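This structure is a prediction, so every number in the text was calculated from the model and none was measured. Computation of the quantities below employed the complete heavy-atom set of this structure, encompassing side-chain atoms and omitting hydrogens, waters and symmetry-equivalent molecules. Numbers for residues simply follow the sequence, beginning at 1.
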Amino acid sequence: MISSVRGTVLSVGLDHAVVEVGGVGLAVHTVPATLATLRRGEQAQLATTLVVREDSLTLYGFADADARVLFGLLQTVSGVGPRLALSALAVLEPDALCRALADGNVTTLTQVPGIGRKGAERLIIELRDKVGALTPATAPAAAPSADHARSQVAEALAGLGFTAKQADQAVESVLADGGAELDTPALLRRALATLGRKR
């Protein structure tokens with residue numbers, strides 16, 4: 001099991017980054033919010049898990065060990081594989097996902113593509129009692145200023161291959177549509193959704 005990687009970021013794609021470890025470039029699949037923190041040429045450390053299939057070895061990366069544990073926990077539920085588990089973590093922050101499971105919030109869980117009402121109810125039944133240890137007890141940090149979030153998201157989008165003009169327009173569109181109170185990861189997700197609709 002590869003439980004973490006640390007090295008130089010060689011490239012950042014839409015759904016993965018390549019991190020050089022000991023002269024070997026490892027493709028690490030992760031969520032947009034984590035990709036937004038990575039910069040080509042800089043050092044990065046990610047908690048990881050290796051998913052072994054008959055025809056593939058796929059490495060998934062996470063900002064911290066709790067997100068990795070939640071990724072594994074989701075897959076203990078019938079019908080949930082690594083792609084759906086990663087999709088859940090892309091749409092919902094780990095603490096929001098834990099709260100939704102603990103509170104039995106079907107509406108929140110069905111925001112994840114691929115999870116319908118029955119799937120959400122199954123997740124709640126099987127994981128409600130298991131996510132308590134992962135739910136943060138601390139108060140959430142103050143949201144960054146709109147200007148700071150705007151520049152971070154625009155830079156992240158540029159790193160994902162969008163032009164500066166596309167990135168700025170997407171961010172401005174989200175902010176104009178009531179996104180001024182969003183934190184950076186949420187703003188990034190909304191901006192990516194906006195760009196996806198335009199493609």
Atom pair [atom1]/[atom2] of [X] and [Y] - distance to nearest 0.5 Å:
X	Y	atom1	atom2	result
Leu14	Leu35	CG	CG	8.5 Å
Arg190	Asp177	CZ	CG	5.5 Å
Glu20	Leu26	CD	CG	9.5 Å
Asp103	Cys98	CG	SG	10.5 Å
Arg68	Thr30	CZ	OG1	12.5 Å
Phe62	Leu86	CZ	CG	6.0 Å

So, do [X] and [Y] sit near enough that their side-chain heavy atoms are less than 4.5 Å apart?
X	Y	value
Arg99	Asn105	no
Thr76	Leu127	yes
Leu92	Gln111	yes
Pro82	Val51	yes

What do the steps show when you test Leu38 against Val19 for side chain to side chain contact (heavy atoms under 4.5 Å, CB included), and what is the final call?
CA-CA 10 Å; Leu38 305 178; Val19 181; 5.6 Å; no

Might you confirm whether atom CZ of Arg39 has over 12 heavy atoms from other residues, nucleotides or ligands at distances under 6.0 Å?
yes

Any donor-acceptor pair under 3.5 Å from Thr48 side chain to Ile2 backbone:
yes

Does Arg128 use its side chain to pair, donor to acceptor, with the backbone of Ala102 at less than 3.5 Å?
yes

Compare every heavy atom of Ala191 with every heavy atom of Ala170, then report the nearest pair and how far apart it is.
CB-O, 4.0 Å

Shortest non-hydrogen pair, Ala67 vs Asp64, comes out as N-OD1, 2.8 Å

Can you name the residues that form a salt bridge (Lys or Arg N to Asp or Glu O under 4.0 Å) with Asp129, not counting sequence neighbours?
none

Under 3.5 Å, is there a donor-acceptor pair between the Thr8 and Gln43 side chains?
yes

When clusters are formed by joining ILVMFWY residues with side-chain heavy atoms under 4.5 Å apart, either directly or through shared neighbours, do Val24 and Val18 land in the same one?
no

